[in-house]
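Step one of this worksheet: look at the structure below.
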Protein chains: 2
Amino acid sequence: MSALHDHTHCIADALTRADALCTERGARLTALRRRVLELVWSSHRPRGAYAILEDLSQQDGKAAAPLTVYRALEFLVEQGLVHRIESLNAYVGCAAPGAAHSGQFLVCDGCGDAAEIDDPGVGSAIVAAAAERGFHVQRPTVEVRGLCKSCQEKPR
Amino acid sequence: MSALHDHTHCIADALTRADALCTERGARLTALRRRVLELVWSSHRPRGAYAILEDLSQQDGKAAAPLTVYRALEFLVEQGLVHRIESLNAYVGCAAPGAAHSGQFLVCDGCGDAAEIDDPGVGSAIVAAAAERGFHVQRPTVEVRGLCKSCQEKPR
DNA sequence: GTCGCAATGTTATAAAGTAACACACATGTC
DNA sequence: GACATGTGTGTTACTTTATAACATTGCGAC
Ligand SMILES: [Zn+2]
Ligand SMILES: [Zn+2]
Ligand SMILES: [Zn+2]
Ligand SMILES: [Zn+2]
């Protein structure tokens with residue numbers, strides 16, 4: 001994700017969509033969960049549970065327990081509002097909640113940003129490769145490490 | 001991987017190929033590293049570092065330290081003899097060491113087996129999707145959770 | 001209201017991974 | 001052989017990530 005964009009808009013947009021989705025589904029986006037979602041969205045870099053915990057504690061003054069964050073994250077992942085990046089043990093906001101998808105990520109080792117894509121070619125290639133071997137796909141994980149456009153241009 | 005195969009052959013074969021590769025490269029497959037490789041290969045299920053550590057300690061009587069195992073695994077991964085399954089924090093033997101590849105896995109949630117594939121369709125779809133967005137791929141991670149053939153047939 | 005369940009708080013613990021430093025052991029040099 | 005050098009291993013302590021068990025709160029259905 002380019003560093004030059006109005007990220008406050010990303011955050012506001014994510015929260016609005018989350019509100020709408022949860023209302024529609026009858027899921028309870030409580031104050032805590034909403035705040036954790038906001039913190040996950042603080043950037044496009046996947047954020048660890050303990051980093052979020054720290055943010056949260058800083059906001060509130062008193063320290064929260066890890067479980068508080070993990071439970072909120074679990075809810076958010078279930079609702080498809082947040083994805084977990086397995087190779088980083090970290091979480092990032094979903095770019096397109098609502099539609100069913102499992103998340104494919106281009107994770108830049110330069111700036112740390114994780115760009116979510118939903119490439120039909122990748123998806124179908126995986127399903128095809130699996131089908132060929134009689135494997136039934138439930139949850140594909142695709143996390144591509146490399147360098148984003150802007151990090152290739154300015155090395156270091 | 002079918003449960004009905006001569007797995008001792010898998011192990012022996014993996015060790016033989018590892019010996020050959022390391023000799024060829026001038027890499028030192030020490031007794032410890034070789035033993036860890038053997039333990040990783042004890043099945044086709046990805047095995048956690050601490051599980052391997054336990055195996056190791058059991059063999060030797062005295063308990064080894066985690067670092068012992070992690071260092072051996074690091075070497076084995078560098079040499080491409082073992083892959084790390086990010087979504088499981090576990091390690092599995094490489095089915096085709098020698099050739100350069102990053103590993104694509106069909107991980108069965110029924111039996112736990114991880115079948116390694118190297119599907120050109122999946123690989124090229126990822127590179128194409130990345131290129132479209134100006135992203136330079138270094139290390140793709142593909143870990144597909146689901147059910148293998150035999151686990152679909154006999155549910156539960 | 002009050003019953004019941006879902007969400008949160010609290011405390012403790014497990015699992016996974018790393019840092020720092022000392023020692024052992026090979027290999028090559030003189 | 002004595003020695004220097006680099007790589008692998010042992011040991012201890014520690015950090016980071018994640019979960020278990022149980023108490024408490026608070027909202028919604030009736
Ligand atoms: Zn943004
Ligand atoms: Zn998404
Ligand atoms: Zn086998
Ligand atoms: Zn492999």
Side-chain angles (χ1 to χ4, degrees), chain A residues 18-19 22-40 45-57 59-79 81-92 112 141 143, chain B residues 18-19 22-23 25-40 45-79 81-92 112 141 143:
Chain A
D19 286 332
C22 287
T23 302
E24 181 188 326
R25 292 173 184 164
R28 296 170 55 186
L29 186 62
T30 63
L32 176 63
R33 289 166 174 175
R34 201 167 186 280
R35 207 139 40 108
V36 169
L37 178 59
E38 191 177 356
L39 291 171
V40 168
R45 282 187 295 284
R47 201 151 179 68
Y50 279 75
I52 293 168
L53 179 60
E54 218 168 293
D55 295 347
L56 202 57
S57 301
Q59 274 189 16
D60 295 7
K62 64 179 175 180
L67 251 161
T68 304
V69 169
Y70 278 104
R71 285 194 284 223
L73 287 171
E74 184 186 19
F75 170 85
L76 295 170
V77 168
E78 269 170 12
Q79 295 298 321
L81 298 168
V82 159
H83 293 285
R84 175 180 163 84
I85 306 297
E86 300 290 350
S87 58
L88 293 174
N89 296 333
Y91 300 82
V92 72
T141 298
E143 298 172 7
Chain B
D19 286 331
C22 287
T23 302
R25 292 173 184 163
R28 295 171 55 185
L29 186 63
T30 63
L32 176 63
R33 290 167 173 175
R34 201 166 186 280
R35 207 138 40 107
V36 169
L37 178 59
E38 190 176 358
L39 291 171
V40 169
R45 282 188 295 284
R47 201 150 179 68
Y50 279 76
I52 292 169
L53 179 61
E54 219 168 291
D55 295 348
L56 202 58
S57 301
Q58 209 138 35
Q59 275 190 13
D60 295 7
K62 63 179 174 180
L67 252 165
T68 305
V69 169
Y70 278 105
R71 284 194 284 221
L73 287 171
E74 184 185 17
F75 170 86
L76 295 170
V77 168
E78 269 169 11
Q79 295 298 321
L81 298 167
V82 160
H83 293 285
R84 175 180 162 85
I85 306 296
E86 301 289 350
S87 58
L88 293 173
N89 296 333
Y91 300 80
V92 72
T141 298
E143 298 172 7

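Residue numbers start from 1 in every chain, and the chains themselves are labelled A, B, ... in the order their sequence lines are given, proteins ahead of strands.
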DNA chain C contacts among residues 27-39 of chain A, heavy-atom distance under 4.0 Å: A:R28, A:T30, A:L32, A:R33
Listed partners of B:E38 passing side-chain hydrogen bond (donor to acceptor under 3.5 Å, both in side chains), at least two apart: none
Distance in angstrom units between A:L88 CG and D:dT16 C1', rounded: 14 Å
Residue pair A:E143 / A:S87, side-chain donor-acceptor N/O under 3.5 Å: yes
What's touching nucleotides 18-20 of chain D from the protein side, N or O pairs under 3.5 Å?
unit_1	atom_1	unit_2	atom_2	d
D:dA18	OP1	A:R84	NH1	2.9
D:dA18	OP1	A:R84	NH2	2.7
D:dA18	OP2	A:Y70	OH	2.8
D:dA18	O5'	A:Y70	OH	3.3
D:dA18	N7	A:Y50	OH	2.5
D:dA18	N6	A:Y50	OH	3.4

Test log, rule side-chain contact (heavy atoms from CB on, under 4.5 Å), inputs B:D55 and B:R47: CA-CA 11 Å; B:D55 295 348; B:R47 201 150 179 68; 3.0 Å; yes
Residue pair A:R84 / A:N89, side-chain heavy-atom distance below 4.5 Å: yes
Min side-chain heavy-atom separation A:T68-A:V36 under 4.5 Å: no
More than 12 heavy atoms of other groups within 6.0 Å of B:E54 CD: no
Value in whole Å for how far the P atom of D:dT7 lies from CZ of B:F75: 13 Å
Min side-chain heavy-atom separation A:R71-A:L32 under 4.5 Å: no
End axis versus end axis in the helix from C:dG1-D:dC30 to C:dC30-D:dG1, the angle rounded to 10°, five pairs used at each terminus: 20°
Pairwise side-chain contact, B:R34 with B:D19, heavy-atom cut-off 4.5 Å (strictly under): yes
Partners passing side-chain hydrogen bond (donor to acceptor under 3.5 Å, both in side chains) against A:R45 (at least two apart in sequence or in another chain): none
Heavy-atom contact window of chain A on DNA chain C, given 5' to 3' at under 4.0 Å: C:dA6 to C:dT11
Polar side-chain atom of A:R33 near backbone of A:R28 as donor-acceptor pair, under 3.5 Å: yes
Integer-rounded Å distance: D:dT17 C1' and A:I52 CD1: 13 Å
